[in-house]
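Working notes, beginning with the structure itself.
By convention in this document, chain letters (A, B, ...) are assigned in the order of the sequence lines, proteins followed by strands, and residues within each chain are numbered from 1.
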Number of protein chains: 2
Amino acid sequence: MEARRDVFQAIADPTRREIIGMIARQPVNVNTIADQFDVSRQAISLHLKILSECGLLHIKQSGRERLCEVKLEKLNEVHEWVQQYKKMWTGKLKALKAFVEQEELQSKKADAPIKKQSKKIRNGKS
Amino acid sequence: MEARRDVFQAIADPTRREIIGMIARQPVNVNTIADQFDVSRQAISLHLKILSECGLLHIKQSGRERLCEVKLEKLNEVHEWVQQYKKMWTGKLKALKAFVEQEELQSKKADAPIKKQSKKIRNGKS
DNA sequence: ATAATATGCAAGTATTTGCTTACAAATATA
DNA sequence: TATATTTGTAAGCAAATACTTGCATATTAT
């Protein structure tokens, strides 16, 4: 059962993403988390273990209870990875926008009667 | 084999993340991608299928080749999800910083020689 | 037309995942 | 102390994953 254990893997599961959302604001103990889901406590326990193994969760023992606190900073790894591509896709969108605007400008120019030149010159589809 | 198929799942696999990185700048055909990896072409083909099924990849047929183009915008889903938490964790950091600064201020006030008081009072290492 | 190339699809396998039930251990409460 | 509560660990299982090898199909080049 020695598997790859990283943040990307951890957040791939929708239940685990829900757990993160559930405890993002304040630490919650295991049973309280489990009660929110249809699956067994043990199943949730395993999810918590996975979150914990990749550093997304810190479990603080408090008597017989365990308070689960999410370490949101760990998500920075994902943020950074996505961010590099966000730059690219927004860059592309900007470039596209610029291109479209440039085209508009050109076609306006083309449409506009050009000073001292017959319009007939530019009429075939190039 | 009808499985959950979403972006989070797709980027969970390191090979798929590598593929994304590989074709982020320009579309690449299947074999060229496969050549970069140790695993078989068929294995890569499956990864591409998964990426495609969740909308991260667009495959354009070009003769007998298939150009794989990544749809980076699809990563926005991940970006948004992480972003909401980034706000929280940076918020917490800001709050912490503010708290620490406030504490510093307080302790300086306490340490600070009161007007008209000899400087000698502050000479120990604090 | 024939051979080479690019790729998909199918079958088979080992590993991992997500879950369940059953049992054990530690702590709190009556 | 006896009992209830909170949680972990272990065993078992079905489904999904990540691969592999082998074969089929469409294009392109000779």
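Considering only the side chain of B:V30, C:dG8 comes nearest among C:dC19, C:dG8, D:dT7. When distances run from any side-chain atom of A:N31 to the nucleotides C:dC19, C:dG18, D:dT6, the shortest one goes to D:dT6. The nucleotide whose nearest atom lies closest to any side-chain atom of A:N29 is, among D:dT6, C:dG8, D:dT20, D:dT6. Relative to the side chain of A:H47, the nucleotides C:dC19, D:dT20, D:dC19 differ in distance, and C:dC19 lies closest.
Taking 4.0 angstrom as the limit, B:S40 places none of its side-chain polar atoms (N or O) nearer than this to OP1 or OP2 of D:dC19. OP1 and OP2 of D:dT7 both lie 4.0 Å or more from every side-chain N or O belonging to A:S45.
Distance, A:D35 CG to D:dT5 C1': 12 Å, rounded to whole Å. Atom-to-atom, CG of B:L67 to P of C:dT7 comes out at 8 Å; the value is rounded to the nearest Å. Taking atom CG on A:L46 and atom P on D:dT9, their separation rounds to 10 Å, with Å as the unit. Straight-line distance from the CD1 atom of B:I44 to the C1' atom of C:dT7: 13 Å, rounded to whole Å. To the nearest angstrom, C1' of D:dT17 lies 14 Å from CG of B:L51.
In this structure, the side chains of B:F8 and A:D13 stay at 4.5 Å or more apart for every pair of heavy atoms. Under the 4.5 Å side-chain criterion, counting only non-hydrogen atoms from C-beta, B:I19 is in contact with B:F37. No side-chain heavy atom of A:Q36 sits under 4.5 Å from any side-chain heavy atom of A:E18. In this structure, the side chains of A:L75 and B:W81 come closer than 4.5 Å at one or more pairs of heavy atoms.
Side-chain contact, B:D35 with B:T32: no donor N or O sits under 3.5 Å from an acceptor N or O.
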Dump every N/O contact between nucleotides 28-30 of chain D and the protein below 3.5 Å, one line per pair.
from, atom 1, to, atom 2, distance (Å)
D:dT28, O4', B:R64, NH1, 3.4

For nucleotides 22-25 of chain D, which of its nitrogen or oxygen atoms have a protein nitrogen or oxygen under 3.5 Å away, and what is each distance?
from, atom 1, to, atom 2, distance (Å)
D:dG22, O6, B:Q42, NE2, 2.6

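Between B:K49 and A:E65, the residue anchored closer to the 5' end of DNA chain C is B:K49, taking for each the nucleotide with the nearest heavy atom. Ranked by how close their nearest DNA chain C nucleotide is to the 5' end, A:R16 and B:T32 are led by B:T32.
A:L56 and A:I11 get closest at one heavy-atom pair: CD1-CG2, 4.0 Å.
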